[in-house]
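Structure first, then comments.
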Amino acid sequence: MTKPNPESGVIICGAGVAGVAAAYFLSVRCGYKDLTLIDRGQPMAYTSSKSGENYRNYWPQACMGQLMERSIDLMETLARQSSDGFEMLGNGYHFVSFEPDREIFPSEHLREYARGDQLEQIIDESRLRREFPYLSESVRQLVHIRRAGPMDVYSMGSFLLGQARKAGVRFENGQVENIHKDSGRFHLQVRTPQGEISLSSRQLVLTAGPMNPTLASMLGVQLPVQSFLQRKFIIPDPENVIPREMPYTIFADPQHLD
């Protein structure tokens with residue numbers, strides 16, 4: 001594989017958190033010049049603005065665990081550089097169950113990661129009632145992931161984008177209509193509010209989330225990417241039953257909604 005040339009220019013399609021992170025690391029950390037970020041809306045306006053805004057280092061899949069360890073390392077460095085500008089609280093994740101013997105995560109993982117102080121399983125009822133009085137008394141098991149917590153994704157994206165712009169990254173507000181490759185260069189037709197423009201670069205990065213398969217298909221590439229609709233709802237808590245410092249908590253038992 002030919003080593004990328006930082007002087008040859010880069011186009012990044014998609015200005016969500018993945019796109020602005022790519023722009024930051026390529027321009028600020030790696031010294032790439034002539035870098036253009038494209039999005040049909042404003043940066044961080046689509047799926048990134050509706051994320052869960054949480055992170056955790058434990059996953060049952062080893063590859064995900066490794067990816068997240070590296071990602072959290074990078075985010076903690078950025079948090080220090082931004083004077084904690086996006087509030088990585090690090091107060092953990094809780095998975096709870098009404099059944100003390102439910103295997104929320106594989107048993108061998110609970111034993112292995114407990115030795116490394118990453119996971120803790122609590123099934124002692126008196127401790128559950130004492131330390132977590134806001135949980136239902138029906139809760140019989142809690143698994144705590146230590147290196148986890150909430151964060152302000154939009155603020156992190158704004159910090160990354162601001163630093164990237166200082167390094168010379170340009171932002172184009174427009175819809176990519178077509179991409180083709182010729183003589184080692186990617187050529188893009190982009191519809192902007194001011195009219196059609198053409199962009200060209202030897203290097204192209206697709207960070208358009210659910211739109212990635214559409215963009216890749218313009219180059220004859222079929223990406224095996226699926227998108228799933230998630231719905232969220234808010235329950236008011238005027239009596240402050242839920243402590244504001246409560247860790248992100250997931251009910252791990254199967255549920256049925258009419």
Side-chain angles (χ1 to χ4, degrees), residues 1-51 63 67-68 70-71 73-75 77-78 81-82 85-86 153-227:
M1 179 182 293
T2 303
K3 186 176 180 180
N5 179 4
E7 301 297 328
S8 67
V10 183
I11 295 174
I12 301 174
C13 295
V17 68
V20 299
Y24 169 84
F25 281 99
L26 287 174
S27 62
V28 177
R29 297 287 186 88
C30 300
Y32 276 64
K33 309 298 181 185
D34 188 23
L35 200 154
T36 304
L37 186 61
I38 305 172
D39 202 292
R40 61 181 180 176
Q42 292 304 304
M44 304 288 294
Y46 288 95
T47 52
S48 293
S49 69
K50 300 166 182 64
S51 67
C63 60
L67 172 66
M68 284 308 303
R70 173 63 173 156
S71 297
D73 286 345
L74 292 172
M75 290 191 296
T77 298
L78 292 170
Q81 292 174 351
S82 65
F86 45 94
V153 171
Y154 193 88
S155 293
M156 183 180 73
S158 297
F159 171 75
L160 293 171
L161 182 60
Q163 296 297 306
R165 279 177 156 157
K166 289 179 182 177
V169 173
R170 300 184 304 278
F171 176 71
E172 286 285 353
N173 178 210
Q175 173 81 38
V176 177
E177 300 286 340
N178 187 49
I179 308 173
H180 73 276
K181 190 175 184 181
D182 179 50
S183 301
R185 296 187 69 85
F186 295 95
H187 304 277
L188 286 74
Q189 295 297 316
V190 182
R191 176 165 45 86
T192 75
Q194 293 75 37
E196 292 271 344
I197 63 171
S198 299
L199 298 172
S200 177
S201 175
R202 290 193 177 277
Q203 297 170 90
L204 176 68
V205 181
L206 301 184
T207 55
M211 296 303 296
N212 268 346
T214 300
L215 295 177
S217 68
M218 296 177 184
L219 293 165
V221 177
Q222 301 303 311
L223 290 181
V225 175
Q226 292 179 289
S227 298

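Excluded from the calculations below are hydrogen atoms, water molecules and symmetry mates; all remaining heavy atoms, backbone and side chain alike, are included. Owing to the predicted nature of the structure, the values given are computational and were not obtained by experimental measurement.
Between the CZ atom in R40 and the CZ atom in R191 there is a gap of 10.0 Å [rounded to 0.5 Å]. Separating the CG atom in L74 from the CZ atom in F25 is a distance of 4.5 Å, to the nearest 0.5 Å. Here CG of L161 is found 12.0 Å from CE of M156. Values are rounded to the nearest 0.5 Å. The CD1 atom of I11 lies 5.0 Å from the CG atom of L188; values are rounded to the nearest 0.5 Å. In this structure, SG on C13 lies 4.5 Å from CD1 on I38, to the nearest 0.5 angstrom. Taking CE of M211 as the start and CG of D39 as the end, the distance is 10.5 Å to the nearest 0.5 Å.
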Let me see the working for L204 and L219 under side-chain contact (heavy atoms from CB on, under 4.5 Å), right down to the final yes or no.
CA-CA 11 Å; L204 176 68; L219 293 165; 4.0 Å; yes
Please walk me through it: do V169 and I12 pass side-chain contact (heavy atoms from CB on, under 4.5 Å)?
CA-CA 10 Å; V169 173; I12 301 174; over 6 Å; no
Would N212 and V225 count as a side-chain contact (heavy atoms from CB on, under 4.5 Å) here? Give the steps.
CA-CA 8 Å; N212 268 346; V225 175; 5.5 Å; no
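Of the possible donor and acceptor atoms, none in the side chain of S27 sits under 3.5 Å from a partner among the backbone N and O of Y32. Side-chain atoms of S217 never come within 3.5 Å of backbone atoms of G220 as a donor-acceptor pair (strictly under, hydrogens ignored). The closest donor-acceptor contact from the side chain of T207 to the backbone of G14 lies under 3.5 Å.
Among residues at least two apart or in separate chains, salt bridge (charged side-chain N to carboxylate O under 4.0 Å, His left out) pairs with a member in residues 161-172 are D34-R170. Listed by first and then second residue, the ring pair (Phe, Tyr, Trp, His ring centres under 6.0 Å) pairs involving residues 196-226 amount to none (not counting sequence neighbours). The ring pair (Phe, Tyr, Trp, His ring centres under 6.0 Å) pairs that include a residue from residues 184-225 are H180-H187, where partners are two or more places apart or lie in different chains.
Here the closest heavy-atom approach between residue G41 and residue F171 is recorded as O-CZ, 3.4 Å. Of all heavy-atom pairs between G16 and S48, the closest is CA-OG, 3.5 Å. Contact between G19 and L37 at its shortest, heavy atoms only, is O-CD1, 3.9 Å. Across every non-hydrogen atom of I179 and L215, the tightest pair is CD1-O, 4.0 Å.
Not counting sequence neighbours, the partners of T77 by the side-chain contact (heavy atoms from CB on, under 4.5 Å) test are R29, R80, Q81. Applying the side-chain hydrogen bond (donor to acceptor under 3.5 Å, both in side chains) test to Q175 and every residue at least two apart in sequence or in another chain returns nothing. Residues meeting the side-chain contact (heavy atoms from CB on, under 4.5 Å) test with Y154, sequence neighbours left out: M44, D152, S158. Qualifying side-chain hydrogen bond (donor to acceptor under 3.5 Å, both in side chains) partners for Q189, counting only residues two or more places apart in sequence or in other chains: S198. Checked against side-chain contact (heavy atoms from CB on, under 4.5 Å), S227 has the following partners two or more places apart in sequence or in another chain: P210. Partners of N173 according to the side-chain hydrogen bond (donor to acceptor under 3.5 Å, both in side chains) rule, which considers only residues two or more places apart in sequence or in another chain, do not exist here. Contacts of L67 classified as side-chain contact (heavy atoms from CB on, under 4.5 Å), with partners at least two apart in sequence or in another chain: M64, S71.
No more than 12 heavy atoms of other residues, nucleotides or ligands lie within 6.0 Å of CD in Q226, so this atom counts as exposed by the packing criterion.
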